[in-house]
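Below you'll find the structure, written out as structure tokens, and then a few comments.
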Amino acid sequence: MAAKIITVANQKGGAGKTTCCLQLAGTLARRGSRVLVIDADPQGTAVRWAASATDDDHPFPARVVSLSAAGGKVHREAKKFVEDYDFLFLDGPPGMDSTVSYSALLISDLALMPVIPSPADLWATTGFQKLVESVQPINESLQARIVVNMSQHTTLARSALEVLENFGIPLLHTRLGLRTAYRQSAAWGCVVGDQGQEAKIAATEINALLDEILVVLECGSPNRG
Ligand SMILES: Nc1ncnc2c1ncn2[C@@H]1O[C@H](COP(=O)(O)OP(=O)(O)O)[C@@H](O)[C@H]1O
Ligand SMILES: [Mg+2]
């Protein structure tokens with residue numbers, strides 16, 4: 001069966017696109033799926049994350065390739081991989097009107113937008129909705145979801161959440177907290193599930209988020225590895 005394709009996008013840099021992409025992709029690969037991460041960001045953060053795994057016995061669990069040179073043709077290049085993998089994750093560059101995000105969404109089953117619950121980040125969400133709506137007439141199976149990232153128990157975060165709940169794109173229930181464990185994964189070239197007891201809460205969050213996404217993608221009962 002052809003791979004399910006998930007594009008992680010947000011016009012704001014630093015909202016957690018690469019973090020969500022690599023944590024979800026790596027965790028899914030740990031569960032036994034064939035997963036490819038396509039780094040469509042010229043900054044190459046996803047590629048560097050995987051390359052940070054210096055221990056040959058513990059490489060990053062999913063394969064990561066760069067297709068940033070493909071630009072607006074990334075959908076054509078990515079399609080070449082769909083028969084060889086169960087899931088493709090595309091890590092996009094910042095910039096909602098970039099042809100790269102548009103191109104990636106043309107072939108995606110799910111557009112996932114990480115949002116930090118703060119005013120400046122909320123303003124960026126309307127661009128995402130417009131982009132998704134511009135692609136949906138062409139790619140009718142495209143779904144979109146928001147995931148709250150770097151969640152904190154503050155009044156500001158709570159009011160931002162209220163705004164998001166009434167936004168046109170559904171919010172996933174699982175939120176990712178602001179946790180050092182997520183930063184460490186990038187430095188160590190792994191996922192939070194590999195980081196032991198200290199990253200246990202983060203690993204629980206990622207597994208719950210993944211289960212929710214698999215339900216959205218209708219990938220049957222989530223297989224926990
Ligand atoms: N939930 C989180 N908790 C703590 N740090 C985070 C979290 N999500 C992302 N970060 C950190 O924030 C920075 C930006 O995240 P990144 O995933 O690179 O964003 P983007 O790809 O959208 O630019 C990185 O240093 C990353 O490690
Ligand atoms: Mg990034």
Side-chain angles (χ1 to χ4, degrees), residues 6-27 37-53 60 62 64-71 74 88-98 100-101 104-105 108 110-118 120-125 127-128 131 144-154 156-157 160-161 164 171-195 198-210 212-213:
I6 299 121
T7 290
V8 188
N10 184 328
Q11 75 186 114
K12 275 210 76 193
K17 287 182 295 296
T18 304
T19 300
C20 288
C21 197
L22 281 263
Q23 295 289 357
L24 290 167
T27 304
V37 175
I38 293 173
D39 191 343
D41 185 348
Q43 287 181 17
T45 318
V47 168
R48 259 185 276 166
W49 181 318
S52 301
F60 185 77
V64 183
V65 296
S66 172
L67 284 185
S68 63
V74 72
L88 304 186
F89 281 79
L90 281 95
D91 183 19
M96 203 45 84
D97 44 28
S98 95
V100 178
S101 301
L105 291 186
S108 295
L110 177 67
L112 183 68
M113 176 168 69
V115 176
I116 301 171
S118 80
D121 287 81
L122 289 183
W123 298 330
T125 54
F128 178 75
L131 178 69
R145 292 291 184 277
I146 290 174
V147 55
V148 174
N149 187 29
M150 303 196 212
S151 174
Q152 286 179 291
H153 298 287
T154 59
L156 187 66
L161 269 177
L164 279 177
L171 210 58
L172 292 166
H173 293 290
T174 310
R175 296 175 205 153
L176 306 183
L178 180 74
R179 304 184 195 287
T180 312
Y182 290 118
R183 298 205 172 126
Q184 277 168 345
S185 303
W188 297 342
C190 64
V191 291
V192 284
D194 301 328
Q195 290 163 221
E198 272 184 29
K200 208 174 161 209
I201 301 173
T204 305
E205 287 174 347
I206 291 296
N207 274 299
L209 183 63
L210 193 50
E212 261 195 84
I213 288 170

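Nothing fancy with the numbering, it's 1 onward along the sequence. Read the numbers this way: they start at 1 and go in the same order the structure lists the ligands and their atoms. Keep in mind the model is a prediction, meaning the values are calculated, not measured.
Considering backbone and side-chain N/O atoms, Ala15 comes within less than 3.5 Å of an N/O atom of ligand 1. The shortest N or O to N or O distance between Lys17 and ligand 1 is below 3.5 Å. Considering backbone and side-chain atoms alike, Arg179 places an N or O below 3.5 Å from some N or O of ligand 1.
Proximity of a side-chain donor or acceptor of Ser185 to a complementary backbone N or O of Ala181 within less than 3.5 Å is detected.
Within the protein, the N, O or S atoms lying under 2.8 Å from the Mg ion (ligand 2) are Thr18 OG1.
Between Met150 and Pro117, the closest heavy-atom pair is O-CD, 4.2 Å. Closest approach of Val47 to Val65, counting heavy atoms only: CG2-C, 4.3 Å. Scanning all heavy atoms of the two residues, the minimum distance from Glu212 to His173 falls at OE1-N, 2.9 Å. Taking each heavy atom of Tyr182 and Leu176 in turn, the nearest pair found is OH-CD2, 3.5 Å. For Ala40 against Pro93, the heavy-atom pair with the smallest separation is O-CD, 3.7 Å. The two residues Phe60 and Gly26 have their closest heavy-atom pair at CZ-CA, 3.9 Å.
Within the 4.0 angstrom cut-off, atom 24 (C) of ligand 1 has no protein heavy-atom neighbours. In this structure, atom 4 (C) of ligand 1 has a protein heavy-atom contact shorter than 4.0 Å.
Around atom CD1 of Ile201, no more than 12 heavy atoms belonging to other residues, nucleotides or ligands sit under 6.0 Å away.
Expressed to the nearest 0.5 Å, how far CD1 of Ile6 lies from CG of Leu110 amounts to 6.0 Å.
Ligand 1 is approached by Asn149 to a heavy-atom distance shorter than 4.0 Å. Residue Asn10 places every heavy atom at 4.0 Å or more from ligand 1. Put simply, part of Gly14 is less than 4.0 Å from ligand 1, judged by heavy atoms.
None of Leu90, Ile146, Leu24, Thr7 except one satisfies the side-chain contact (heavy atoms from CB on, under 4.5 Å) rule with Leu112; the exception is Leu24.
Of all protein heavy atoms, the one lying nearest to atom 11 (C) of ligand 1 is Arg183 NE, 3.6 Å. Closest protein heavy atom to atom 7 (C) of ligand 1: Met150 CG, 3.7 Å. Protein heavy atom closest to atom 19 (O) of ligand 1, with residue, atom name and distance, is Gly16 N, 3.1 Å.
Using a 4.0 Å cut-off to heavy atoms of Leu178, the atoms of ligand 1 that qualify are 3 (N), 4 (C). Contact atoms of ligand 1 toward Gly177: 1 (N), 2 (C), 3 (N) (distance under 4.0 Å to a heavy atom of the residue). Every atom of ligand 1 is numbered from 1 in the order shown, and the set under 4.0 Å from a heavy atom of Gly13 is 23 (O).
Counting heavy atoms from C-beta on, the side chains of Arg145 and Ile213 never come closer than 4.5 Å. Between Thr27 and Asn207 the shortest side-chain heavy-atom distance falls below 4.5 Å.
Applying the side-chain hydrogen bond (donor to acceptor under 3.5 Å, both in side chains) test to residues at least two apart or on different chains, none of the pairs has a partner in residues 39-51.
Looking at Thr18, Thr180, Thr19, it is Thr19 that brings a heavy atom closest to atom 15 (O) of ligand 1.
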